[in-house]
Number of protein chains: 2
Amino acid sequence: MNSSPSINAGAVAEHPAAMVPTLQARKQQLVRDAIWDAATGLFAEKGFDETTVDDIAQRAGVSRRSFFRYFSSKSDLMAQGIVNYGTDLTGAIDAFPRTHSLSEVFRGTVLQIAQQSAAHPRTRKIMEIAAKYPAARAAQLSRMAEVQDQVAEAFARRLRKGSEDDLTPSILAGLTISVLAVTFRSWFDQGQPDISAIADQIFATLGRLICDERQPDKQRS
Amino acid sequence: MNSSPSINAGAVAEHPAAMVPTLQARKQQLVRDAIWDAATGLFAEKGFDETTVDDIAQRAGVSRRSFFRYFSSKSDLMAQGIVNYGTDLTGAIDAFPRTHSLSEVFRGTVLQIAQQSAAHPRTRKIMEIAAKYPAARAAQLSRMAEVQDQVAEAFARRLRKGSEDDLTPSILAGLTISVLAVTFRSWFDQGQPDISAIADQIFATLGRLICDERQPDKQRS
DNA sequence: CTCTCCATGGCACCGAGTGCCAACGCAAAC
DNA sequence: GTTTGCGTTGGCACTCGGTGCCATGGAGAG
């Protein structure tokens with residue numbers, strides 16, 4: 001779900017010399033991970049609503065006050081994966097060579113992010129919790145708007161046309177998020193390890209649904 | 001955004017004889033509307049986070065405790081439109097004659113719900129608040145999962161095949177939600193009154209994006 | 001050794017949300 | 001008219017989420 005093995009904090013590089021994330025930053029990351037592990041563990045054991053912030057802080061070995069220094073809320077913990085996944089998405093879109101068409105970027109990005117996220121153990125842990133507890137699911141969803149907007153902007157960056165109110169980027173963003181969501185869900189529900197195969201199948205279904213109506217010779221489905 | 005001119009409460013019909021919603025039920029509906037108006041008014045004036053439940057209750061003329069009897073939370077107020085909009089969607093899908101293909105149902109449903117929602121003044125009011133305050137937007141989003149699941153089930157009902165793990169309904173549900181979201185956003189941002197035209201334009205763009213890659217003779221975009 | 005910076009912890013405070021109980025209104029039954 | 005019963009309401013107390021403020025403590029620079 002996130003590009004780095006640990007949860008990304010805010011800014012990392014302060015001194016341009018020290019690209020190795022400052023001892024200080026790594027200590028913070030350690031605490032951050034400890035809180036994350038404690039929280040997800042408790043969520044899985046006791047449930048999302050039943051787990052209080054005090055529980056998490058106690059298991060992580062920090063004070064309640066410090067918890068809020070690392071995560072702005074309990075929901076933020078669950079949503080963190082989502083926002084990282086947003087930066088991954090925009091990164092992947094931006095990284096595509098300009099020779100590719102928008103549709104190709106769309107397909108390629110979905111494939112890449114799906115594989116990348118499926119490789120992270122945290123992804124499965126988050127999905128387990130989200131599947132069990134609606135409140136946790138809601139916490140993630142509530143941040144999806146930002147991600148979708150970011151993705152739309154990334155697509156818009158490839159569309160240097162002067163057309164201001166072109167809806168193409170927004171549509172592509174919605175498509176990207178939706179297809180990825182279905183992909184993850186299917187990958188999680190049935191234990192199939194090959195997430196690319198699932199994504200391909202979804203692309204095929206999508207094409208069948210949208211395009212079969214457009215051939216004037218073949219009227220009905 | 002909702003099929004009835006007033007916000008739907010839970011169950012309405014108790015006695016099969018009295019289809020006119022029981023004097024009691026209508027009184028409840030009155031209070032419910034009063035709270036809703038007070039809340040949205042305050043949200044627009046003071047902001048979503050800045051408005052406390054006490055403020056809403058006081059303006060609506062009920063006690064703080066009663067507020068929570070009608071709406072389970074402040075977020076629930078904003079999300080209420082979304083869930084009604086979910087029942088409208090499933091209703092529209094189910095009402096389609098079985099002679100139509102899934103794609104036709106998809107397009108028809110989006111068109112119908114878009115027009116229907118655009119006709120309601122509440123829709124615009126909700127969108128104004130959601131556009132201004134991210135927290136309100138998040139409150140709506142957090143319930144979108146339920147709606148999407150309901151829509152997926154409605155599509156699945158038309159697919160009486162024994163194929164259990166067919167992803168078609170989920171994909172269609174995601175498509176429906178995404179396209180509607182873009183439609184509403186565009187309709188709201190630019191003041192264009194004809195929402196059907198916007199939806200048609202989006203369908204066209206969608207077809208262009210997905211289908212143009214499938215012709216093997218026309219390689220590049 | 002001292003001064004400073006920063007992370008941490010503790011405390012007080014406010015708002016959200018819930019359980020519980022008493023009071024009120026209302027309609028049917030006596 | 002009075003009584004009985006039911007549903008709605010309001011007030012109270014409590015827990016938990018989240019924030020601002022300040023004191024402490026440790027590590028590094030002078």
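Chain letters run A, B, ... following the sequence lines, proteins first, then strands; residues in each count from 1.
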| remark: What residues 40-52 of chain A contributes to the DNA chain D interface at heavy-atom separation below 4.0 Å is A/T51, A/T52
Check the distance between [N]'s [atom2] and [X]'s [atom1] and give it to me in whole angstrom.
| X | N | atom1 | atom2 | value |
| --- | --- | --- | --- | --- |
| B/K74 | D/dG17 | NZ | P | 17 Å |
| B/Q58 | D/dG10 | CD | P | 13 Å |
| B/F68 | C/dG15 | CZ | P | 12 Å |
| A/L30 | C/dA7 | CG | P | 15 Å |
| B/R26 | D/dT8 | CZ | P | 16 Å |
| A/F67 | D/dG18 | CZ | P | 8 Å |
| B/Q28 | C/dG25 | CD | P | 18 Å |
| A/R64 | C/dC11 | CZ | P | 13 Å |

Side chain of [X] (C-beta onward), nearest among [options]:
| X | options | result |
| --- | --- | --- |
| B/S73 | C/dG9, C/dG17, D/dG17 | C/dG17 |
| B/R69 | D/dG18, C/dC21, C/dC11 | C/dC21 |
| A/Y70 | D/dT9, C/dT8, D/dG18 | C/dT8 |

| So, is A/S66 close to the C/dG9 phosphate, meaning a side-chain N or O under 4.0 Å from OP1 or OP2? | yes
Donor on one side chain, acceptor on other, [X] and [Y], under 3.5 Å:
| X | Y | result |
| --- | --- | --- |
| A/D55 | A/T52 | yes |
| B/Q58 | B/D54 | no |
| B/D189 | B/S186 | no |

| request: Sugar-phosphate atoms are those with a prime plus P, OP1 and OP2; base atoms are the rest. Using that split, label each nucleotide of nucleotides 23-29 of chain D B, S or - for protein heavy atoms under 4.0 Å, 5' to 3'. | output: -------
| message | Pair B/D49, B/Y133 - check side-chain contact (heavy atoms from CB on, under 4.5 Å), show working. | response | CA-CA 8 Å; B/D49 292 315; B/Y133 307 105; over 6 Å; no
| said: Is it true that, when you exclude A/K27 itself, more than 12 heavy atoms of the residues, nucleotides or ligands shown sit nearer than 6.0 Å to its NZ? | reply: no
| query | Between A/D54 and A/R65, which has a closest nucleotide on DNA chain D that is more 5'? | reply | A/D54
| Does NZ or CZ of A/R124 fall inside the cone over A/F184's six-membered ring, less than 6.0 Å from its centre and within 45° of the axis? | no
| Cation-pi check, A/R158 onto A/F96 ring (under 6.0 Å, within 45° of axis) | no
| message | Please find the pair of heavy atoms, one from A/R137 and one from A/A130, that lie closest to each other, and give the distance. | response | CB-O, 3.7 Å
| task | Please check if the side chain of B/K125 supplies one atom and the backbone of B/A44 the other of a donor-acceptor pair under 3.5 Å. | result | no
